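Following: one structure in structure tokens, then a few remarks.
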Amino acid sequence: MSSCGNPSTESDALMSRRPKFDKSKHCVKCKVALGNIVIRHAVYCKECFFSLVAFKFRRALEPFVNAKPDGPRRTALKPAGNLLLGFSGGLGSTVLLDLVHRSYIANRKDELRRDGGKDHPRHDKVWKRVIVCYVELCDALPGRKDKISEVAEAVAQYEGVEFVPLRVQDAFDPLWWRCIYGEDAVSQLRINLENDELTSMLTNPLSTNPLESLRSYLSSLPTSTAVCSALHALTRVLLLHTAAETDSSHLLLGTSLTSLAISLIRGIGQGAGFNIEQEIQEEWLSDIRPPNFDSNDRANENQKGVRVIRPLRDVGLKECAFWAWWEKLRIVGEDRTGWPDSRQEIGGLTKDFIMGLEKDYPSTVSTIVRTCAKLSPRGEVSGKCVLCERPAQEGVQEWKSRISVRTTAQSVDATAPPLPAPLQADNASATRLASHLCYACHTTLTSRSARPPPPLYLSATKTSSTTLPVWVAPRIMRKVGEDEMRATVQEFLIEE
Amino acid sequence: MATITLSVNFSGGLETLFANRTAHTVSIPARVPVDAALWDTWPAAPESAGAPDADAVTMKPADMAYLLHHLRTRVLTARPELFLEHGTVRPGILALINDADWELEGEGAALLHDEDEVVFISTLHGG
Ligand SMILES: [Zn+2]
Ligand SMILES: [Zn+2]
């Protein structure tokens, strides 16, 4: 990204600077009030700003609330399950929680009181339960404060909202997993990091020190960028399984338009181009069944799907900040302490670039997101990645020979030569984790950096193998069958 | 020559650059030199001893550009690069003057008056 330069310094030479707003200082909506905020060249008064943001929020969420999309006639909102909100303490998720509360909890109560018409379907609560989940990262990165109680206080200000705090090391905790999926689903896998095929074996007995496992996992990653993507992936999968646990049909994330542009560009830079669609919206189905799951029960089957939605995808960080300021929201703050130096990390550079762009050319950022949304990835989906649970493309070996930025360029340029044939046939055996990973996760685990990152923890020594998150082993076993797994484990042990 | 007094608020983490205080009361000269190169040596209080002869330089009413300079040189306690970049606020930092977006008033060119309320909000750590 650095070669793109800083838009705020070089922009004047490249394009003529547009005025920040169109002539009048009056609100474009009501045309009466003096404006309070400029959003992509349009001036809004405070009141019209509030309804604009609330409208954008509902427009991005409500068409996806019902299991089947509405026909021409709009029907009542009837989600298949509860609502889980992923809360980071940052600006986006703080505003999201405020919007969810004002749209589906506070307003409904007022309506009920006003008309007293209890039986009218319009007055039914849309979501039976609204659950806020926060994943604490303080044990993963040095120098951070534990903010669980601070977040709990902030969430407690909203009536009718439940709070579920997690710690990122829960991803390595067999007890946490057992609570959701039962005893049978508990197993653990260690991978050998010394080869790119990532040979793996079941651990026995289970490693019951999740914090130690987490730290050894993070310490084994080759670059700072890898540590960042690993933490993002762990958080995301923890939220997905919490959605399954709480019978939530929807998981809402507070990703703003600005953050979405940043993560889309970062994702492409890190080889996750295949997952652009998932970055915008995805439907996730847990392939591990909870113990009480009745496969004959159709309704139950539907309920296990989780829709991941980013209702602030059209709302920029500036709008979020003004909303929070005017609504006097308390921002706990997303703590950046302890993250690998953001200037070196791809995400940090991308962020600087997008923020600069948004300041001087505020319409460009939404163009980026719209353009990315139209890109359709090439290649067949070959199931989900066992580590991050996103769709993986056919054969990671083959995929390694493609670069996703090039893939997107080719979808525009039809005259480009066909993709090279796979470098080698995918003959990986069951225990070779590499063939069950998406490109981005494979890169996270194996890419070498010219300059290795400074050690995260002074105490942790680099080992040749590390324990994987609790969801990996059960899913590999489901894919390849337990017997085959045992057989290959034997083979692996003899080699030792 | 007079001074004007402003209430200046920092939020979204910016307060950590300003002695960990969110609310500040700031006094600046009502009129300042047009030439920004003179701001470094220009006294914050015009009546103080050794004040340069204001008649000798071209002056203008105090504006946001001058306030940013004043905040950086006299109020900021840490890491100026996290607040300013290329003579204005860093991308991702928003400003309001009397509850309205400073972009409506011309950003750096926005004129300031006695008792104005200025707010700076950082979105850099927003989710
Ligand atoms: Zn209006
Ligand atoms: Zn993956």
Side-chain angles (χ1 to χ4, degrees), chain A residues 6-9 12 19-21 24-26 34-39 41 43-46 49 86-96 253-256 258-259 312 316-322 324-326 328 331 333-337 342 351-360 362, chain B residues 7-18 20-24 63-65 68 72 78-113 116-127:
Chain A
N6 185 324
S8 61
T9 48
D12 292 330
K20 283 287 166 78
F21 61 97
S24 169
K25 274 210 235 173
H26 285 87
L34 268 179
N36 291 82
I37 178 171
V38 184
I39 303 168
H41 307 289
V43 176
Y44 293 89
C45 72
K46 221 193 241 190
F49 163 77
F87 190 81
S88 68
L91 194 49
S93 54
T94 304
V95 169
L96 178 62
L253 301 176
T255 322
S256 64
T258 318
S259 313
L312 300 183
L317 269 184
K318 176 176 181 178
E319 293 153 80
C320 291
F322 273 70
W325 175 256
W326 283 330
K328 297 188 174 58
I331 315 283
E334 217 175 347
D335 197 348
R336 299 307 295 172
T337 314
S342 69
K351 189 166 186 171
D352 286 354
F353 175 72
I354 296 288
M355 294 295 235
L357 205 57
E358 187 163 56
K359 182 177 182 183
D360 292 323
Chain B
S7 115
V8 179
N9 272 274
F10 298 100
S11 99
L14 271 181
E15 62 279 6
T16 58
L17 308 181
F18 294 89
N20 270 319
R21 266 174 50 211
T22 53
H24 295 249
D63 57 15
M64 281 296 280
L68 292 180
R72 182 177 59 98
R79 308 188 65 186
E81 75 280 6
L82 294 184
F83 181 52
L84 298 183
E85 200 176 285
H86 311 296
T88 185
V89 292
R90 249 189 102 179
I93 294 177
L94 308 169
L96 291 87
I97 305 165
N98 299 328
D99 219 24
D101 194 345
W102 76 326
E103 291 184 1
L104 285 162
E105 307 297 328
E107 301 172 77
L111 298 184
L112 291 168
H113 308 92
D116 273 353
E117 289 176 15
V118 181
V119 176
F120 294 96
I121 306 171
S122 171
T123 64
L124 289 168
H125 291 170

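Chain A is the first sequence line, chain B the second, and so forth, proteins listed ahead of strands; every chain is numbered from 1. Owing to the predicted nature of the structure, the values given are computational and were not obtained by experimental measurement.
No side-chain heavy atom of D101(B) sits less than 4.5 Å from a side-chain heavy atom of F49(A). Residues D99(B) and W325(A) meet the side-chain proximity criterion, which asks for heavy atoms closer than 4.5 Å.
Most heavy-atom pairs under 4.5 Å with chain A: of the set I121(B), V119(B), L104(B), this distinction falls to L104(B).
For V38(A), the parts lying under 4.5 angstrom from a heavy atom of chain B are both the backbone and the side chain. There is no contact between I93(B) and chain A, counting heavy-atom distances below 4.5 Å.
Taking the charged nitrogens against the carboxylate oxygens, K359(A) and E85(B) have no contact shorter than 4.0 Å, which rules out a salt bridge.
When all heavy atoms of G92(B) and M355(A) are compared, the closest pair comes out as CA-CE, 4.1 Å. In terms of heavy atoms, A100(B) sits closest to G35(A) at CB-O, 4.1 Å.
Between the CG atom in N36(A) and the CG atom in L96(B) there is a gap of 8.5 Å [rounded to 0.5 Å].
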